[in-house]
Amino acid sequence: MKTSPLSLRPVTPVIGAEVRGVDLDALDDDSLEAIRDALMEHLVLFFRDQDISIESQKALGAWFGELVEHPNEPGIEGHPEVFRIHADETSVRATGERWHSDVSCDPVPPMGSILRLHTVPESGGDTLFANMYAAWEALSDHMKGLLEGLTAVHDGGPFYREVNRLIGRDDGGRSYPSAEHPVVRTHPLTGRKALFVNEMFTVRIVGLPRGESIGLLDFLFRHVQRPDFHCRFRWRPHSVAFWDNRCTQHHAIWDYFPHVRSGYRVTVRGERPV
Ligand code: SIN
């Protein structure tokens, strides 16, 4: 058996691990395979002191799959698949302030996202991550039986239009992705089942009367908030987080206004949820 080149320190027994012993600017195949294995086990990985280039961040993502452009956030100059995550004293909102799986409204939602922050506030600006395998497994057999086989509509329009309205950006009447996904999906690599609805994009459960759909989604959105499914990441300058969107949700906390929090995210294409 090969020895892993990484050293892993779990953040909680349920989700998250801090990875040591790796330089994201100089990755070889052994390290990349070990990162993939660790991601499958811990769902989100955290790396410290990685003052890496945009090219290295993209190369890490590209090893896992095709990089994709964000449907609402323009990419940075010369790198359309990289967008800036930034909040400061002029901000009226911050990215990711509700529980979500990135761009789940896409018919082929992302497998993962890699965020590097170069500037962080003295305190605050943490990100919460939740384990969607654990959220599924904690449901009763009755509830699992009800949810298996159901699909839900994930619509980017309401959320992205609200973002644009808040920041005063004219979206020129563009349309946004919308897709129907299973409420519980099977992860393509681990084969485990994960709950796949989130309060940012999931608007209704298909085939249920409106009141039942609202009630069921409301229960599931509150279920995801259970702290025993979570870990909380405290950023430092040049920390990197890499999460698997197929089995996690995250929530960025904007408690640091008027201070600056800034960095770059790349997003990796996944597969159609089944
Ligand atoms: C996001 O990608 O949703 C934002 C995460 C963060 O800023 O911590």
Side-chain angles (χ1 to χ4, degrees), residues 11 15-16 18 39 43-48 50 54 57-58 60-61 64 67-76 79 81-88 91-106 109-132 154 156 158-160 162-164 166-167 176-177 196-202 221 224-225 230-270:
V11 179
I15 181 167
E18 199 165 314
L39 187 65
L43 289 49
V44 52
L45 301 179
F46 306 112
F47 305 82
R48 298 290 190 189
Q50 303 284 341
I54 295 287
Q57 189 175 349
K58 281 171 61 172
L60 171 58
F64 286 83
L67 303 184
V68 287
E69 294 178 30
H70 194 275
N72 196 44
E73 298 303 325
I76 61 170
H79 301 280
E81 332 82 335
V82 181
F83 76 93
R84 191 164 168 249
I85 290 205
H86 180 89
D88 62 23
S91 299
V92 293
R93 70 172 291 270
T95 306
E97 285 179 82
R98 288 160 75 182
W99 282 107
H100 65 288
S101 169
D102 290 324
V103 200
S104 70
C105 53
D106 198 285
M111 67 76 49
S113 306
I114 302 168
L115 175 61
R116 180 176 71 92
L117 293 184
H118 51 78
T119 307
V120 299
E122 273 291 307
S123 66
D126 298 355
T127 308
L128 302 172
F129 292 88
N131 179 332
M132 290 302 105
H154 297 231
F159 177 71
Y160 293 135
E162 174 63 6
V163 168
N164 294 334
L166 274 173
I167 64 174
Y176 289 97
F196 196 63
V197 291
N198 68 82
E199 61 179 32
M200 193 177 274
F201 296 114
T202 313
F221 297 160
V224 165
Q225 293 171 13
H230 299 172
C231 74
R232 179 171 180 138
F233 184 55
R234 170 91 195 96
W235 295 86
R236 298 202 294 254
H238 305 295
S239 297
V240 171
F242 183 179
W243 57 91
D244 186 333
N245 281 301
R246 300 167 294 191
C247 53
T248 65
Q249 291 190 30
H250 56 286
H251 182 314
I253 303 172
W254 189 31
D255 54 359
Y256 50 89
F257 180 87
H259 299 288
V260 180
R261 181 179 183 274
S262 200
Y264 298 101
R265 196 184 97 186
V266 301
T267 314
V268 183
R269 185 182 297 282

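Both ligands and their constituent atoms are indexed starting at 1 by order of listing.
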Discussion item. For the aromatic rings, using the six-membered ring if either is Trp, is the centroid distance between Tyr264 and Phe83 under 6.0 Å?
Written reply: no
Discussion item. Show, in sequence, the C-alpha distance, side-chain angles and deciding distance for Arg93 and Ser91, and conclude whether the side-chain hydrogen bond (donor to acceptor under 3.5 Å, both in side chains) test is met.
Written reply: CA-CA 5 Å; Arg93 70 172 291 270; Ser91 299; over 6 Å; no
Worksheet item: Can the ring centroids of Tyr160 and Phe201 be said to lie less than 6.0 angstrom from one another?
Response: yes
Extract all N/O-N/O pairs under 3.5 Å that connect ligand 1 to the protein, and present each with both atom names and the distance rounded to 0.1 Å.
{"unit_1": "ligand 1", "atom_1": "2 (O)", "unit_2": "Arg265", "atom_2": "NH1", "d": "2.8"}
{"unit_1": "ligand 1", "atom_1": "3 (O)", "unit_2": "His100", "atom_2": "NE2", "d": "2.9"}
{"unit_1": "ligand 1", "atom_1": "3 (O)", "unit_2": "His250", "atom_2": "NE2", "d": "3.0"}
{"unit_1": "ligand 1", "atom_1": "7 (O)", "unit_2": "Arg261", "atom_2": "NH1", "d": "2.8"}
{"unit_1": "ligand 1", "atom_1": "7 (O)", "unit_2": "Arg261", "atom_2": "NH2", "d": "3.4"}
{"unit_1": "ligand 1", "atom_1": "8 (O)", "unit_2": "Thr127", "atom_2": "OG1", "d": "2.6"}
{"unit_1": "ligand 1", "atom_1": "8 (O)", "unit_2": "Arg261", "atom_2": "NH2", "d": "2.8"}

Practice prompt. Mind listing the closest non-hydrogen atom pair of Leu166 and Val92 along with its distance?
Written response: O-CG2, 3.3 Å
Response to the item:
Between His118 and Pro237 the two heavy atoms that sit nearest each other are O-CB, 3.5 Å
Discussion item. Taking the basic N atoms (NZ, or NE/NH1/NH2) and the acidic carboxylate oxygens, is any pair closer than 4.0 Å for Asp88 and Arg261?
Written reply: no
